[in-house]
Amino acid sequence: MPFTAKSGKFNAKINTVEIGTGDKAIKIGGENVLPFYTFDDAIENAPKVGIEITDGGLDNEPECVKKYYEGCATVVDMAKKAVTFEGVDFLSIRLEGGDPNGENKSTEELVQLVKDIAEAVDVPLVVCGCKHVEKDAELLDKAAAALEGKNAMILAAKEENYKTIGASAGLAYKQIVGAESAVDINLAKQLNVLLTQLGVDGKSVVMNVGTAAAGYGFEYVVSTMDRVKAAALSQGDATLQMPIVTPVASEVWGVKEAMASETDMPEWGCQEARGVDMEIETAAAVLAAGSNAVILKHPESVKTIKTLIAELA
């Protein structure tokens with residue numbers, strides 16, 4: 001008997017969200033099939049790849065990354081260089097120096113840096129905070145104002161500070177709001193509901209449902225993404241139809257497999273190769289689980305993942 005394949009496309013769709021302005025603007029989401037199921041239906045917008053820099057400049061980068069920014073004297077110089085690497089769709093700026101438990105840089109200093117970078121590059125921008133809830137409420141509020149008209153992504157609002165960030169980024173300055181939850185479908189849904197009840201357009205929201213480096217409780221990340229996509233598409237749950245953005249870099253380049261020196265762990269081999277492998281493996285896995293965009297650090301990781309996406313999507 002002939003085999004007739006059943007289409008796996010759904011009536012529901014993931015929201016399409018545009019980030020940036022002009023010719024370099026990108027769109028994520030819009031699919032009505034499971035990740036990379038192009039045999040069921042065409043994927044409207046292939047996943048996108050961003051590259052991350054931080055306010056710390058070269059001081060806080062791994063040695064294997066520093067060489068790609070040779071000659072860069074400032075963070076703005078790094079931003080200009082970063083957007084030229086093959087495969088980069090957008091630039092992410094992590095303002096980790098704002099952490100009161102770390103360098104505790106002033107909001108004014110960090111927001112000025114964001115402004116300077118925005119004037120220097122023409123790709124879509126993502127602004128990430130310092131992972132301190134109270135400081136991020138202030139920092140991302142001001143960053144949203146500074147980038148008015150740029151249609152940037154502000155990543156991310158959490159349950160503890162969503163009112164401040166949502167009102168500023170999503171309502172006052174019309175940016176894209178990132179909703180960050182801790183690897184739990186119910187928490188992700190709850191935060192999306194809270195943001196939309198605040199008045200933020202659900203089609204201006206993206207989700208960071210949480211991540212980890214591959215091997216570090218990663219099954220929870222994958223299962224959460226699987227459940228989110230299944231609910232959004234097969235159940236038509238509009239509160240979970242926001243695209244997913246996953247900041248891979250900040251997780252991967254902190255684990256020992258990526259950062260242990262060859263002197264300390266000679267049996268593990270080349271440190272750069274390990275770090276790149278870990279970043280590629282993590283990014284590939286979250287894309288296969290449903291992420292619509294990933295943020296990476298190493299230029300070779302960006303290039304490889306962009307090639308992977310082109311082959312699959």
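In what follows, residues are counted from 1 in the order of the sequence shown.
When side chains are defined from C-beta on, Pro124 does not count as touching Met153, because their heavy atoms never get closer than 4.5 Å. Side-chain contact check for Leu147 versus Val114: some heavy-atom pair is nearer than 4.5 Å. Under the 4.5 Å side-chain criterion, counting only non-hydrogen atoms from C-beta, Ile309 is in contact with Leu287. Residues Ile51 and Phe85 have side chains in contact (heavy-atom distance under 4.5 Å, counting atoms from C-beta outward). Within the 4.5 Å cutoff, the side chain of Met278 has no heavy atoms near those of the Met259 side chain. Side-chain contact check for Asp237 versus Lys189: some heavy-atom pair is nearer than 4.5 Å. Contact annotation: the side chain of Leu233 approaches that of Ile14 to within less than 4.5 Å [non-hydrogen atoms, C-beta and beyond]. No side-chain heavy atom of Phe39 sits under 4.5 Å from any side-chain heavy atom of Val33.
For the atom pair Met242 CE and Asn15 CG, the distance stands at 6.0 Å (nearest 0.5 Å). Atoms NZ and CD, from Lys150 and Gln175 in turn, are 10.5 Å apart once rounded to the nearest 0.5 Å. Remark: Leu34 CG to Asp41 CG distance equals 12.0 Å, nearest 0.5 Å.
A salt bridge links Lys24 with Asp122: at least one charged nitrogen is closer than 4.0 Å to a carboxylate oxygen. One finds a salt bridge joining Lys297 and Glu61 here, because a Lys/Arg side-chain nitrogen approaches an Asp/Glu carboxylate oxygen to under 4.0 Å. Between Lys105 and Asp55 a salt bridge is recorded (basic side-chain N to carboxylate O distance below 4.0 Å). Classification of Lys158 and Asp136 as a salt-bridged pair fails, no side-chain N sitting under 4.0 Å from a carboxylate O.
Side-chain atoms of Thr304 never come within 3.5 Å of backbone atoms of Ser301 as a donor-acceptor pair (strictly under, hydrogens ignored). Judged purely by atom type and a 3.5 angstrom limit, Lys135 uses its side chain to pair as donor or acceptor with the backbone of Gly98. When atom types are taken as modelled, the side chain of Lys174 and the backbone of Ala172 share no donor-acceptor pair closer than 3.5 angstrom. Listed for the Asn208 side chain is no donor-acceptor partner under 3.5 Å among the backbone atoms of Glu180. Remark: the backbone N or O of Ala144 is not paired with any side-chain donor or acceptor of Ser168 at under 3.5 angstrom. With hydrogens and angles ignored, the 3.5 Å screen pairs no side-chain donor or acceptor of Glu148 with any backbone N or O of Tyr173. One N or O on the side chain of Asp89 and one on the backbone of Val49 form a donor-acceptor pair closer than 3.5 Å. For Arg274 (side chain) and Glu257 (main-chain N/O), a donor-acceptor pair under 3.5 Å exists by modelled atom type. Here the side chain of Asp141 pairs no donor or acceptor atom with the backbone of Ala137 at under 3.5 angstrom. Side-chain N or O atoms of Glu52 include none that pairs as donor or acceptor with a backbone N or O of Leu296 at under 3.5 Å.
Heavy-atom contacts from other residues, nucleotides or ligands closer than 6.0 Å to CD of Glu159 number 12 or fewer. Around atom NZ of Lys131, more than 12 heavy atoms belonging to other residues, nucleotides or ligands sit under 6.0 Å away.
No donor-acceptor contact under 3.5 angstrom links the side chains of Asp226 and Ser223, judged on distance only. In this structure, a donor-acceptor pair under 3.5 Å is present between the side chains of Glu279 and Trp253. Between the side chains of Asp264 and Ser261, at least one donor-acceptor pair of N or O atoms lies under 3.5 Å. Side-chain contact, Thr211 with Glu251: no donor N or O sits under 3.5 Å from an acceptor N or O.
When each of Lys27, Lys13, Glu31 is tested with Glu44 by the rule side-chain contact (heavy atoms from CB on, under 4.5 Å), just one qualifies, namely Lys13.
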task = Decide yes or no on ring pair (Phe, Tyr, Trp, His ring centres under 6.0 Å) for Phe10 and Tyr37, but give the supporting numbers first.
result = CA-CA 11 Å; Phe10 301 93; Tyr37 276 41; 8.9 Å; no

query = Run the side chain to side chain contact (heavy atoms under 4.5 Å, CB included) check on Asn192 and Gln241 step by step: do they pass?
reply = CA-CA 10 Å; Asn192 291 341; Gln241 288 173 347; over 6 Å; no

task = Test side chain to side chain contact (heavy atoms under 4.5 Å, CB included) on Ile117 and Val75 and set out the steps.
result = CA-CA 8 Å; Ile117 290 173; Val75 179; 4.1 Å; yes

key: side chain to side chain contact (heavy atoms under 4.5 Å, CB included) assessment of Asn32 paired with Asn11   = CA-CA 7 Å; Asn32 66 334; Asn11 292 326; over 6 Å; no

request  = List the steps and the verdict of side chain to side chain contact (heavy atoms under 4.5 Å, CB included) for Lys81 and Asp77.
outcome  = CA-CA 6 Å; Lys81 181 71 172 180; Asp77 290 340; over 6 Å; no

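Not a single ring pair (Phe, Tyr, Trp, His ring centres under 6.0 Å) links Tyr162 to another residue, sequence neighbours left out.
Judged as a ring-ring contact (aromatic ring centres under 6.0 Å, His included), not a single pair has a partner in residues 212-241 (not counting sequence neighbours).
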